[in-house]
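Encoded as structure tokens, the structure appears first; notes follow it.
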Amino acid sequence: MTGHLLEVRNLTVDFHTARGTVHAVRDVSWHLDRGECLAILGESGSGKSVSASAVMDLIDCPPGQIVSGRILFEGQDLLTLSPDARREINGRRIAMIFQDPMSHLNPVYSVGFQIAEIMTAHGVARAEARARALELMRRVGIPAPESRIDAYPHQFSGGQRQRLMIAMALALKPDILIADEPTTALDVTVQAQILALLEELQQETGMGLLLITHDLGVVAEVADRVVVMNSGEIVETGSAAEVYRTPRHPYTAKLIAAVPGTGEMAAPLDTGIGPILDVQGLTKVFGDFTALQDASLTVLPGETVAIVGESGSGKSTLAKTLLRLEDATAGAAFYAGRDLIAMPPKELFALRREIQMVFQDPTQSLNPRMSVGQIIAEAFVIHPGILPKDRRAARVQDLLRQVGLDPEHIHRYPHQFSGGQRQRIAIARALALEPKLIICDEAVSALDVSIQAQVIDLLNRLQDELGLSYLFIAHDLPLVRDFAHRVVVMQGGRIVEQGPVRQIFEAPREAYTRALLAASLDPDPDVQAERRRARAQLAEAPA
Amino acid sequence: MKGFLGKRAIASAISLVGLIILVFFLSRLTGDPTDLYLPLDASQEARENFRNIHGLNDPLMVQFGRFVGDLARLDFGMSIRRAEPALDAVLRGFAWTLQLAAITMVLVTLLAIVIGSLAAFRVGGLFDRLATFFSLIGASAPDFWIAIVAIVLFSVNLGWVPTSGTGTPWHWILPIGVLFIRPFGLILQVVRGSMISTLSSAYIKTARAKGVKNRPIIFVHALRNAMLPVITVIGDQAAGLLNGAVVVESIFGFPGVGKLMIDSILQRDFAVVLAAIMVTALAIFVMNLLIDVLYAVLDPRIRY
């Protein structure tokens, strides 16, 4: 009998799907003690969430099947308990919070009801539960909880929703909190606040914290120990610092190497010719809300300009206005000397070939009923002047080769490719029109770190070969650091600072840029400890 | 919400005006009402007399103006066959239909929701398969056939319930039973489908992680979310019943507005037909408004 609070021993879980049996996790063992934070690190499909779901009895059987193993909570095997006994433990002894709090909160019930429910479900009287819910909302930092307790989830911001989830999970003072990608959908500054809150609450209650994440930065920020998973198996276990410094398994080493933010920063371009894009005072007003205010920037031929900012900063509005997907309220954008904003539709259509866009989610932006060949060749149908018909098929194959895909796969459909491959298809589709400028809207945000690095390499290579310019919209600062020549920082619809990448990262002038940099997470636990101190200083300094 | 209701009322009033115009001119398009009302061998004198009494010699627009003026006073004219105001006959029939429709829809809704939800909770289980099997049969069986078979079986052979009329509660069993089957099958399918997708949503996972019991998970967390698409179908089906369950009312001799309408069409009693159309149109408008309100009540994200 071991003294661990929670111990998973030799757990194997299968999923029986239409395409056959998938071994979600194989022979996985880990343990968690009181007061410690264990991180399970892995990319999508690694099975990092499966053992936690098994702990919470959240695996649907069928299609799931727990083939073998034990889950010992205070020495008691959870897998042998009755569903009712497990329900008693859920919420009371072991609680869980999830990624994307918006979809994990019931949209039609007030947050007060949902927080109180975890208590009433375990026998607390209604009035008492409500009073305690109020207290919890205050504790997790919801301002004026008395007036907010009957509000609905959609009336809160993303960060507040995750705070509410935490309040809910901690209502009964559980011994263990499982946090499954708790900050993945949040802005960096909010992510830092939520992680700080979790740490604080852990110290306060002495609970064990199990953190499931894909982000080495999150591990460095909060974890004591880390378990690295790859395709259903544990490849490495150790303390966070140990694993980062001396990874023993090649997969871990690869994962660490793929983390952006460590490479050489690009020197400013000096082309000696004028900008390809010159945006002047671009403004977009929706009703009485100003989404974009007086934005001015330039992009040189062959240059990568990154636009960074948190949600609501206006970075996507800027892209949409440039492409005329939204009508600008004021301002101009000169492309090769002609104003995109004032251009008549016919002229704009011809110009559209030269400015292309790659979107965040290739699953949504590629038509699922068209083959890859059709998707790419559609460009030639819309702009028939580019290429005579008989040469189109060969060109599509060339494009596939150029983005690193097998030209043989021309007849396959988007769902037959992985996320990273799909984004390559989206890039090939953009390249088909031989553009000069590509606007990438969070183009790699949905991809795993190692895939992200590959797509960035591809974009770099294409820039060298074809002299492309990129307007790269992103929220991920380390990624931008490695990729951009120049950086534009946006906040609340305004450009707060812009300059060469080195200046922004090494000598930021504006407080907001500094806060953004301090909030971003570094995979190195020591660097992270340094940042935490910097953040604390920023917080103390008057705003 | 108030503004929304006002807008909806105006929009409905506009469609009501359209309906009035359509009904008036369509009934005139079918030819001279004299030919329809009077027997084929009526004398020329009698025809002329009929035209004068009913103002049919006036220009069409004058007739329309008079028609609208009467409507504004809720005067649909006299029923030619019944010697009473058309509206009285219609309202009497409508009261019967409303009771029949209300009882049927309440039963349908309750049972479809409970059975559909339970079926969705264990998809592919025995209960689910049985529910799906029978609801599909119900949704696809023609009601005139069920009505006739039910009469033969329960009234004629077994003698449990009367064949037609409204005298006792026993008289209501067959019409309600027959009307029940189709909407029940249909709504159960919609509830089941909607519940299956709702039960797989993220907030259900949260509820399970909180230790909430199965029954509140189904009937508190999932049901309210799953009801939104269901309400639309319920409204559709209820509108069908309100319009008069023509076939079922006729077969069971039920004195509802559907039977009244069919009888009046056959007897060329146009005042009654017109009154029936206007009353049911109004009822359906009120019901749609109720559904919109219900939507907003169920889902706090909907604010008109």
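Basis for what follows: all heavy atoms, side chains included, without hydrogens, waters or symmetry-related copies. A note on names: the letters A, B, ... follow the listed sequences, proteins ahead of strands, and every chain is numbered from 1.
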Self-check item: Atom CZ of A:Arg126 with >12 non-hydrogen neighbours under 6.0 angstrom
Solution: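 Counting other residues, nucleotides and ligands, CZ of A:Arg126 stays at 12 neighbours or fewer.
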
Quiz item: Considering residues, nucleotides and ligands other than A:Phe15, do more than 12 of their heavy atoms fall under 6.0 Å from its CZ?
Solution: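 Correct, the count exceeds 12.
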
Practice problem: Under 4.5 Å heavy-atom distance to chain A, tell me which part of B:Leu298 shows up: side chain, backbone, both or neither. | Solution: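 For B:Leu298, the contact with chain A is made by the backbone alone.
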
Quiz item: Once you round to the nearest 0.5 Å, how far does CG of A:Asp84 lie from NZ of B:Lys213?
Solution: 7.5 Å

Self-check item: Reported CD1-to-CG distance for the pair B:Ile204 and A:Leu58, which is rounded to 0.5 angstrom
Solution: 12.0 Å

Practice problem: Measure the shortest side-chain to side-chain distance between A:Ser103 and B:Tyr203 over non-hydrogen atoms and say whether it is less than 4.5 angstrom. | Solution: no

Practice problem: Among the options A:Pro107, A:Pro101, A:Ser53, A:Pro174, pick out the one with the most heavy-atom pairs lying under 4.5 Å from chain B. | Solution: A:Pro107

Under 4.5 Å from any heavy atom of chain B - which part of [X]:
X        : result
A:Asp57  : backbone
A:His104 : both
A:Ile178 : neither
A:Ile118 : both

Quiz item: How far apart are the closest heavy atoms of A:Met56 and B:Ala209, and which atoms are they?
Solution: CE-O, 3.5 Å

Quiz item: If every non-hydrogen atom of A:Ala121 is compared with every non-hydrogen atom of B:Gly211, which pair is closest and at what distance?
Solution: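 Taking every non-hydrogen atom into account, CB-O, 4.0 Å.
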
Quiz item: Does the ring of A:Tyr152 carry B:Arg301 above it, NZ/CZ under 6.0 angstrom from centre and within 45° of its axis?
Solution: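 Negative - B:Arg301 is either too far from the ring of A:Tyr152 or too far off its axis.
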
Quiz item: A:Glu117 and B:His221: side chain to side chain contact (heavy atoms under 4.5 Å, CB included), yes or no, with the steps?
Solution: CA-CA 11 Å; A:Glu117 190 193 24; B:His221 281 276; 2.6 Å; yes

Practice problem: Go through the steps to decide whether B:Thr206 and A:Met165 satisfy the test side chain to side chain contact (heavy atoms under 4.5 Å, CB included), and finish with yes or no. | Solution: CA-CA 9 Å; B:Thr206 309; A:Met165 287 291 284; 3.9 Å; yes

Exercise. Apply side chain to side chain contact (heavy atoms under 4.5 Å, CB included) to the pair B:Lys210 and A:Gln114, showing each step before the final yes or no.
Key: CA-CA 10 Å; B:Lys210 280 158 82 175; A:Gln114 294 187 61; 4.0 Å; yes

Quiz item: Does any N or O in the side chain of B:Asp299 come within less than 3.5 Å of the main-chain N or O of A:Val108, such that one atom is a donor and the other an acceptor?
Solution: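 Not at all, since once roles are kept as given, no pair shorter than 3.5 Å links the two residues.
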
